[in-house]
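See below for the structure under consideration.
For clarity, every value in this text was computed on a predicted model and none was experimentally measured. Letters go in sequence order (proteins before strands), and every chain restarts at 1.
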There are 2 protein chains.
Amino acid sequence: MATIYEVAALAGVSPATVSRVFNGNTVSPEKARAVREAAARLAFTPNKTARRLRKQSSEVVALLIPDIENPFFTALARGVEDKAQEKGFSVVLCNTDDDPGKELRYLEIAASEQMAGVILAPASDEADLGAIASLGRPVVAVDRTTPYPVDAVKVDNRAAGIAATTALFDAGHRKIACIAGPVGIEATEDRFLGWRQVMTARRAAGPENYLQHANFRADGGHAAMRRLLALPEPPDAVVTTNNLMGVGALQAIVEAGVDPAKFGLAVVGELPFMFLTPPAVVQVRLPARHLGTTAATMLLERIGGDAQPPRTIVLRAELA
Amino acid sequence: MATIYEVAALAGVSPATVSRVFNGNTVSPEKARAVREAAARLAFTPNKTARRLRKQSSEVVALLIPDIENPFFTALARGVEDKAQEKGFSVVLCNTDDDPGKELRYLEIAASEQMAGVILAPASDEADLGAIASLGRPVVAVDRTTPYPVDAVKVDNRAAGIAATTALFDAGHRKIACIAGPVGIEATEDRFLGWRQVMTARRAAGPENYLQHANFRADGGHAAMRRLLALPEPPDAVVTTNNLMGVGALQAIVEAGVDPAKFGLAVVGELPFMFLTPPAVVQVRLPARHLGTTAATMLLERIGGDAQPPRTIVLRAELA
DNA sequence: GTTCTTGACGAAATCGATTTCTTGGACTTC
DNA sequence: GAAGTCCAAGAAATCGATTTCGTCAAGAAC
């Protein structure tokens, strides 16, 4: 790998001038040409590490998501990538497994690698943004918010929960249960609150155990659904607060021999690759990719120096 | 962020000694203790960028995959991550979209960011490994091989194709078509060759247009399946050479009003989240995650200095 | 014609670690 | 006790870029 010094020597200028050529500073046309020629001949690529050490920042942003195998987050990742790529930034994807420890470790890496910024789907309410925040690196929370004063992009989760529940109601269901995610995660709590709001407003609130908490994955949804079906008075419909739990619930329904076309299922999110889904299943489509592009846009604005007070952008989910 | 100099000053030693403490060199116990104490008090984290500049290498490996939204590759990514994490390495995920241009750009980034190594699912046969290879950074090809002499981990794709096709045969199908991926991609070609081998051996080769090429995604499989169903003498079964094309094919079958329980479908790979799949669907399970851990293990061995000649490890797929 | 401004550009400092070189003291060895 | 060995630890060089500072010359202003 050729260095700036070799290029300078070949072009007959100082290293400083080479740097200036590549950073758009004032250099006379002849020298500029000489430098470019020398650089081309040596196949010179600036050493990013050296540049980063000097500039104390890089053109890399970190994206921390809880589950790389969840299509919602990969769609989000794609949105982030598209936007970042467009502006010449690279994206580093980190999988936190919803583990605050892993999350913290990745945040520290982001700091010590002097990444330009972080987009974070926080694993918990107490995501410790201290390290990067103190470095003045921008952070954007996505899908979930944090107590820290940072930009955020989220979905109107309560509305999504209301839409899902209302659709089941309109389809004639009354005994509507809810499979919610782990407690303490805002996105899922708001969706479950939407469900409760509808049930209360319509005076249809069922027994307490119509609310089941589960982990965010298919196995959690599956187990929760089995618990619901085993109740003395099982529900005739269910709302799940994310996509994978919906997958699990549907699986449990089918396994139990219940006709999924009759049993009401509403999912906040999309059942991935699931066109075989009985048409009766209600899906509230979340703008995952759009969430990603929006978050990336905000982050890049901040990186560009935008210093307005933190904003929260709320996107609407649409019934599909 | 505290630097090594501040730690040195606080501990009353030289920066060199601080470095030695953190890199396991000979330092007297008292000084070591003093340094650790000072480091703790200042919340010192070594600056990775500076260290990387000096050491000319980092503890980050790049993983280049063609499609982050394909569950096969995310499972693979998880495998890589697990192993890397275990050894204290971070993984940077890059999405090439099967675009040789993007792939090349990421390879250059990997080089100029002095990453320790690269795991690559090559977008094309001509993946240009020149840049990193010349830096002496190890590369492991995964899922697909390359003409370059590097380690590789792959699946016995022909056997997988044979298993898929044979299963359809055993179920009584004779007019078996094949939806293969784009030409020039080894993994998919071997699978299709497995199909052809069985068809020829059993003297059941159908018309030429029973072989359809498609892109690797669901929409490609969908379109190809429609073409097959529109033939004057449509097949009564089909093998798809990857998972997403299988999803698309199944969708087309259902849409066309054909009973998916009667029509034979065999997929090399797993239909993601598809337990609603008619049980008749044959899936040849690919060891995606295992592919990832194996590749990571090999890469880390190389990074550790292992210099034996390039190996290719072939994993078997199992009928499920 | 002298002073001031301006712009190109080289020399050298800088970012923060690692590593080589050196030094000085403790410890062997004969 | 002199010479040789060993080891901890500081000084300084190094990685490869960017950036500050200073110089010098050309052009502007009066």
Please check the phosphate of [N] (OP1 and OP2 only) for any side-chain N or O of [X] closer than 4.0 Å.
X        : N      : answer
A/Thr3   : D/dG16 : no
B/Lys55  : D/dT14 : no
A/Asn47  : D/dC15 : no
A/Thr17  : C/dG10 : yes
B/Thr26  : D/dA8  : yes
B/Gln114 : D/dG16 : no

Is [X] touching bases, backbone alone, or none of the nucleic acid, heavy atoms closer than 4.0 Å?
X       : answer
B/Val13 : sugar-phosphate
A/Arg52 : nothing
A/Phe22 : nothing
B/Val18 : nothing

What is the distance, to the nearest angstrom, from the [atom1] atom on [X] to the [atom2] atom on [N]?
X       : N      : atom1 : atom2 : answer
B/Asn23 : D/dA9  : CG    : P     : 16 Å
A/Ile4  : C/dT14 : CD1   : P     : 19 Å
A/Glu59 : D/dT18 : CD    : C1'   : 14 Å
A/Tyr5  : C/dA12 : OH    : C1'   : 10 Å
A/Lys48 : D/dT18 : NZ    : P     : 12 Å
A/Phe44 : D/dA17 : CZ    : C1'   : 8 Å
A/Arg20 : D/dT19 : CZ    : C1'   : 8 Å
B/Lys31 : D/dC7  : NZ    : C1'   : 13 Å

* Asked: Side chains of B/Ser58 and B/Glu113: do they bring a donor and an acceptor to under 3.5 Å?
  ->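 Per modelled atom types, B/Ser58 and B/Glu113 side chains form no pair under 3.5 Å.
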Counting side-chain heavy atoms from CB outward, which of D/dG10, C/dG16, D/dT18 is closest to A/Arg54?
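Taking heavy atoms from C-beta onward, the closest nucleotide is D/dT18.
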The residue, B/Ser28 or A/Ala2, whose nearest nucleotide of DNA chain D is more 5′ is B/Ser28
Please compare B/Pro29 and B/Leu53 by the position of their nearest nucleotide in DNA chain D and report the one closer to 5'.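 Going by which nucleotide is closer to the 5' end, it is B/Pro29.
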Quiz item: Under a 4.0 Å N-O cut-off, is there an ion pair linking B/Glu108 with B/Arg105?
Solution: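 No, B/Glu108 and B/Arg105 are not salt-bridged.
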Salt-bridge contact A/Arg78-A/Glu81 (side-chain N to carboxylate O under 4.0 Å)
no
- May I ask you to test the B/Leu291-B/Val155 pair for a side-chain heavy-atom distance under 4.5 Å?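 They are in side-chain contact.
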- Taking the side chain as every heavy atom from C-beta outward, state whether B/Val35 and B/Val27 have any atom pair closer than 4.5 Å.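 No. Closest side-chain heavy atoms not under 4.5 Å.
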Check your understanding: Do the ring centers of A/Phe22 and A/Phe44 come within less than 6.0 Å of each other?
Key -> yes
